[in-house]
Amino acid sequence: MSTGLPLWEVFIRGRRGLSHQHVGSVHASDAEMALRNARDLYTRRGEGVSIWVVPAASVCASSPDEKEPFFDPAGDKVYRHPTFYRVPDGVKNL
Amino acid sequence: MTAQARTQDAAAAVAEPELSAQSELQGRFDDLIGADERIEPRDWMPEAYRKTLVRQIAQHAHSEIIGMQPEGNWITRAPSLRRKAILLAKVQDEAGHGLYLYAAAETLGVDRADLLDALHTGRQKYSSIFNYPTLTWADIGAIGWLVDGAAIINQIPLQRCSYGPYARAMVRICKEESFHQRQGFELLHDLAHGTPEQHAMAQDALDRWWWPSLMMFGPPDAESAHSAQSMAWRIKRHSNDELRQRFVDISVPQAEALGLRIPDPDLRWNEERGHHDFGVIDWTEFQEVLAGNGPCNRQRVASRVQAHEDGEWVREAALAYAAKHSDKGVAAA
Amino acid sequence: MTATTEASTGSASPASVAQYALQLGDDALILSHRLSEWCAHSPELEEDVALANLALDLLGQARTLLTYAGSLEGAGRSEDDLAFLRTEREFRNALLVEQPNGDFAVTIARQLYFATYQSELYAALCDSTDPELAALAAKAVKEVAYHRDHAVQWTLRLGDGTAESHRRMQAGLEQLWPYTAELFFLDPVATELVQQGIAVDPRTLRPAWEASVAGVIEAATLTVPADGWQPRGGRAGKHGEGFGLLLGEMQALHRQYPGASW
């Protein structure tokens, strides 16, 4: 039987000013190798300036069943969005 | 150990819920598909949908990995340093694309080690096209132009596939592959406009790769086992025959530009249909290759297994090192 | 680097600089060839991608250097003429880079030795009075820093991994150690150029190389091999028997169609 190396989730900052974004995963024996594998795999065309790797087993995710309690409450808080507010015609830079 | 969290998700997602809950979940899934929304890894999905995706994504990943062999065959012999660099970068991309796809498959709760095992033991397939040998340098051009060309036609609609991770992997792959087909066309163009020997080499490659390329789109719609369900699930968006026709229509003027002859006496423009008619595909050959009796089936799998087995002590060493230096390694095990 | 104020490329013979560029270029070309042989055969898919990256970097360096050598010669030879139409005796690469891949440990040992050497070499060559060589070095020094890091990571893991990997890594280090001496030998071509600040005196690279390599080997719980047999000859075109086979493969297609363009 074959030896499978652990799985790591890869996050890349595309350029300065952007946050890290999930791009996929790699297999590697440890964090140092995972970083290098991610560099070789996901930035072959200069797609990144910074990389995070996280053991896939350490990612805590919301479960799909929680979707409604987790995310729906945000749906009615329209006052969190600037478009909620009336602005008189002619008022600028607001 | 790997994909632990994901496996649990998938197990939870596929555990048989109460009947009413089951139909509610099915309803939510159908609504998402109906609204052309993406299904994401932690969503409930019918087991058959998950299995279809695992089979298709794994087969796609295996094809990229096995596909490295016929082209890798010419890296050390590339006739110019420029062509050598291009080919090396292309074969490297294929390894990369295989990895993107295995990563997408792993979001469905399977382990890459198991998928590779399925490839090594013949339980999962890869594209039959890679069971043909690359006999001359022109084959590198034919693979880029025809095989990658056919792959791109298959892959473009997959960017809108209903399963999110697969669709996203395809977006990345399509973006990177745009150079693959062009380099093949350019390579063949240079040969076709080179010495008479080079032209003959290019024509011979087209003669050998044309029909297998048409077979890459799979069996005719009437005989395609999985097509209808995959279309309903929006994993697939066009039928095999539709895509095959598109490929023929695109390739004919390209062959003219190359100054090469497509090896099909029945190929002609059909004004009424607005498409090219083309000859009958020899599906017995396709079935033979699929059954493991192509020219290279045995050597392709044997070579892959050999690489994997030769690497076993290296992977073991890396894991042993990680265990000893666990401050840097993974806690999970 | 021993650049002096009166140093200038003007006084160096272009043929000597061409020979020096060929030495560096052939090293990169032949090692790139060996690394590309791993493609689709490496221990893990991620490693196929990594080794191809190294091979591509080296191939890029080789193309720049061979093109430059060809232009200095003034005989109209292109990078391809130099790569595909020279014979075994005309290649100037060190013996180390032509050594067969062996198992993964042998390849990593070769990478550790050579990438560390190239790191020191290119760092020094950044100050070359020859602007072409200095520019090449400034780009390549970043590439080879990554190559060295790759080799270091694997040396640590194989050395301090399992008993089997430890044994294989030590064997790889021992097998290739003798070939490292040639890298630091000042050959007649370089002698003239060193005085003019064009080439790097390879002897000056040795202390830093030894300290660096020994540090890694010891950290990997391995033993630095003892000096002994020190084969040499690559810079003078005297290669191993296997080198002819390597060239035979690399040049076959190009030579089969004389005058064709690709």
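In what follows, chains are A, B, ... by sequence order, proteins preceding strands, each numbered from 1.
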Enquirer: Indicate the atoms forming the closest heavy-atom contact of B/Gln198 with C/Ser261, along with that distance.
Expert: NE2-O, 3.0 Å
Enquirer: Would you say the side-chain atoms of B/Glu316 and C/Thr162 include a donor-acceptor pair closer than 3.5 Å?
Expert: no
Enquirer: Quick check on B/Thr195 against chain C: is it the side chain, the backbone, both or neither that has a heavy atom closer than 4.5 Å?
Expert: side chain
Enquirer: Decide yes or no for B/Thr76 and C/His33: does some side-chain heavy atom of the first lie under 4.5 Å from some side-chain heavy atom of the second?
Expert: yes
Enquirer: Under 4.5 Å from any heavy atom of chain B, what part of C/Ala105 do you find: side chain, backbone, both or neither?
Expert: both
Enquirer: From B/Ile65 CD1 over to C/Asp48 CG, what is the distance, rounded to the nearest 0.5 angstrom?
Expert: 7.5 Å
Enquirer: Heavy atoms only, distances under 4.5 angstrom: which of C/Arg255, C/His254, C/Glu47 has the most pairs with chain B? Name it, please.
Expert: C/His254
Enquirer: Using non-hydrogen atoms only, which part of B/Leu187 is less than 4.5 Å away from chain C: side chain, backbone, both, or neither?
Expert: neither
Enquirer: If I measure from the heavy atoms of chain B, does C/Leu246 come under 4.5 Å with its side chain, its backbone, both, or neither?
Expert: neither
Enquirer: I'd like to verify something: which residue of C/Phe84, C/Trp38, C/Phe104, C/Trp154 has the highest number of heavy-atom pairs under 4.5 Å with chain B?
Expert: C/Phe84
Enquirer: Does the cation-pi check pass for B/Arg82 over C/Trp262, that is, NZ or CZ under 6.0 Å from the six-membered ring centre and within 45° of its axis?
Expert: no
Enquirer: Just to verify, what does B/Arg182 make a side chain to side chain contact (heavy atoms under 4.5 Å, CB included) with, not counting sequence neighbours?
Expert: none
Enquirer: Which one wins on heavy-atom pair count under 4.5 Å against chain B: C/Arg168, C/Glu164, C/Glu46, C/Glu79?
Expert: C/Arg168
Enquirer: Please tell me if the side chains of C/Leu158 and B/Tyr321 come closer than 4.5 Å, counting only heavy atoms from C-beta onward.
Expert: no
Enquirer: Any side-chain heavy-atom pair from C/Arg157 and B/Val314 closer than 4.5 angstrom?
Expert: no
Enquirer: Side chain from CB out, backbone as N, CA, C, O: work out which of these in B/Ala323 comes under 4.5 Å of a heavy atom of chain C, or both, or neither.
Expert: neither
Enquirer: Under a 4.5 Å cut-off applied to non-hydrogen side-chain atoms, are C/Met250 and B/Lys84 in contact?
Expert: yes
Enquirer: Please flag which part of C/Ala252 lies under 4.5 Å from any non-hydrogen atom of chain B: side chain, backbone, both or neither.
Expert: neither
Enquirer: Which atoms of B/Ile75 are under 4.5 Å from chain C, going by heavy atoms: the side chain, the backbone, both sets, or neither?
Expert: side chain
Enquirer: Could you have a look at B/Gly194, B/Ala78, B/Gly72, B/Ala85 and say which one has the most heavy-atom pairs with chain C under 4.5 angstrom?
Expert: B/Ala85
Enquirer: Highest number of heavy-atom pairs under 4.5 Å with chain C: which of B/Ser80, B/Ala320, B/Gly96, B/Ala95?
Expert: B/Ser80
Enquirer: Using heavy-atom distances under 4.5 Å, tell me whether C/Ser42 contacts chain B through its side chain, its backbone, both, or neither.
Expert: backbone
Enquirer: Heavy atoms, side chains only, cut-off 4.5 Å: are B/Leu81 and C/Asp80 in contact?
Expert: yes
Enquirer: Look at the side chain of B/Arg315 and the backbone N and O of C/Glu44, then say whether any donor-acceptor pair between them is shorter than 3.5 Å.
Expert: no
Enquirer: Hey, which of B/Gly311, B/Pro79, B/Ala307 has the most heavy atom pairs under 4.5 Å with chain C?
Expert: B/Pro79
Enquirer: Could you tell me if the side chain of C/His41 sits less than 4.5 Å from the side chain of B/Ser303, heavy atoms only?
Expert: yes
Enquirer: For C/Leu59, which atoms come within 4.5 Å of any heavy atom of chain B: side chain, backbone, both, or neither?
Expert: side chain
Enquirer: Between C/Leu51 and B/Gln92, is any pair of side-chain heavy atoms under 4.5 Å apart?
Expert: no
Enquirer: Which region of B/Arg83, side chain (C-beta onward) or backbone (N, CA, C, O), has a non-hydrogen atom less than 4.5 Å from a non-hydrogen atom of chain C, or is it both or neither?
Expert: side chain
